[in-house]
There are 2 protein chains.
Amino acid sequence: MSSRTGSVPGVERFREFLNEYNHPVTPQRLRVAALLFGTHDHISADEIVQRLRVSGDAVGKATVYRTLDLLLKAGLIREHDFGEGFRRYEPCPARPHHEHLVCVRCGKVIEFESAAFERLQTEVATLHRFEPSHHKVEIYGECEECHN
Amino acid sequence: MSSRTGSVPGVERFREFLNEYNHPVTPQRLRVAALLFGTHDHISADEIVQRLRVSGDAVGKATVYRTLDLLLKAGLIREHDFGEGFRRYEPCPARPHHEHLVCVRCGKVIEFESAAFERLQTEVATLHRFEPSHHKVEIYGECEECHN
DNA sequence: TTCAATGCAAAGCATTTGCATCCAA
DNA sequence: TTGGATGCAAATGCTTTGCATTGAA
């Protein structure tokens, strides 16, 4: 075992969420949450399985997917599909809302925020009589290292 | 049979692309192209198979996927993943580059363009030393009919 | 004790691939 | 005539589900 999960705020929030909805707090759930809240990467379900296995805290793949569902419902993580054939996840609470730059060669993901984008979302949605809930802005291209 | 494919500009452009790369011009390829260039929807591979079957121009699913690849390589269609578990396609040449508003209830897709978004993409990419190739802006929410 | 969680394996789906047959050029 | 296209069915890869077992409360 490695993580003192109690010290990670995100894990605490997940614990509260589980209590609130009378979902058992299991070691597997805490491990998945601790891993997610302890990384800055945008990792896939499979990477979660791998990393937990390596650190000796193996959790079944099905349980990982089920825990990701819970974390999504709790609003504690964000789900992404960058068109790679699988989804990636990142913790929410850490940083404010942000968008992504994705390198089409090496897969590197860089985050950025832009108040202008936020403003434009509201503007455009209102114009089309939409009630906006969320949005995605992804810019694809080549990062400095990959671009010759 | 229904379509006089010769009258649709997109189909003509596809024909030229096939000739240029010495790919045979087959009736199946023309049918898929004609369907795509004749609709304003954002349709899935499966919908293409269904609609062609209904109109008596059945084309195998594998051929549809293979033709979509060609159309993508030709730059004549755009591919979208709105997180529904499958991809949607739309003709490119018809309209200038645009973004999407997606109703999370009924799945309706509305297109919009915004010069401001285009400008911001370049700005942000340059800031992070990215060479931008393309981008996606999707705003999710409830359309007027679905919102109450 | 008890009801939900776990984890394996099987099932589901969209998409891709293998291969025998067919056809555009 | 012939190399590539077609289309069925099988394979793939991510994700979900069924079910017997385990464990949190």
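A note on names: the letters A, B, ... follow the listed sequences, proteins ahead of strands, and every chain is numbered from 1. Atoms considered below: every heavy atom in the structure, side chains included; atoms not considered: hydrogens, waters and symmetry mates.
- Within the 4.0 Å cut-off from OP1 or OP2 of C/dG7, at least one side-chain nitrogen or oxygen of A/T63 is found.
- Just one of B/H100, B/H134, B/H98 meets the ring pair (Phe, Tyr, Trp, His ring centres under 6.0 Å) condition when paired with B/H80; it is B/H100.
- Between A/R29 atom CZ and D/dA24 atom C1' the separation is 10 Å, expressed in whole Å.
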Q: Determine, for nucleotides 20-25 of chain C in 5'-to-3' order, which nucleotides have protein heavy atoms under 4.0 Å from the base (write B), from only the sugar-phosphate (write S), or from neither (write -).
A: ----SS

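- Rounded to 10 degrees, the angle separating the terminal helix axes of the helix from C/dT1-D/dA25 to C/dA25-D/dT1, each built from five base pairs, is 30°.
- In this structure, CZ of B/R53 is placed 13 Å from C1' of D/dC8, rounded to the nearest angstrom.
- In this structure, CD of B/Q50 is placed 11 Å from P of C/dA14, rounded to the nearest angstrom.
- Once rounded to the nearest 0.5 Å, the distance linking CZ of A/R129 with CD of B/E145 reads 10.5 Å.
- B/R15 and B/E12 are joined by a salt bridge, as a carboxylate oxygen and a charged side-chain nitrogen come within less than 4.0 angstrom of each other.
- In this structure, the CG atom of B/L71 is 14 Å from the P atom of D/dA5, given to the nearest Å.
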Q: Check step by step if side-chain contact (heavy atoms from CB on, under 4.5 Å) holds for A/E138 and A/F82.
A: CA-CA 8 Å; A/E138 286 151 25; A/F82 295 135; 3.9 Å; yes

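- Atoms CG (B/L68) and P (D/dA5) sit 15 Å apart, rounded to a whole Å.
- Checked by atom type and distance alone, the side chain of B/T63 never pairs as donor or acceptor with a backbone atom of B/V59 at under 3.5 Å.
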Q: Show your reasoning for whether side-chain contact (heavy atoms from CB on, under 4.5 Å) applies to B/I139 and A/F130.
A: CA-CA 9 Å; B/I139 300 177; A/F130 257 64; 5.8 Å; no

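- The main-chain N or O of A/R29 is never found under 3.5 Å from a side-chain atom of A/T67 such that the two would form a donor-acceptor pair.
- Between the CG atom of B/N22 and the P atom of D/dT2 there is a distance of 18 Å, rounded to whole Å.
- Protein atom CD of A/E84 is 16 Å distant from nucleotide atom P of C/dT15, rounded to whole Å.
- A salt bridge links B/K61 to B/D46: at least one charged side-chain nitrogen sits closer than 4.0 Å to a carboxylate oxygen.
- In terms of modelled atom types and a separation under 3.5 Å, the side chain of B/T39 and the main chain of B/L36 share no donor-acceptor contact.
- Between the B/S44 side chain and the B/R88 main chain, no donor and acceptor come within less than 3.5 Å of each other.
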(Q) For a quick check, with a 4.0 angstrom heavy-atom cut-off, what is the B/S/- contact string for nucleotides 13-18 of chain D, read 5' to 3'? (A) -SBBBB

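- By the 4.0 Å N-to-carboxylate-O rule, A/R51 lies close enough to A/D41 to be salt-bridged with it.
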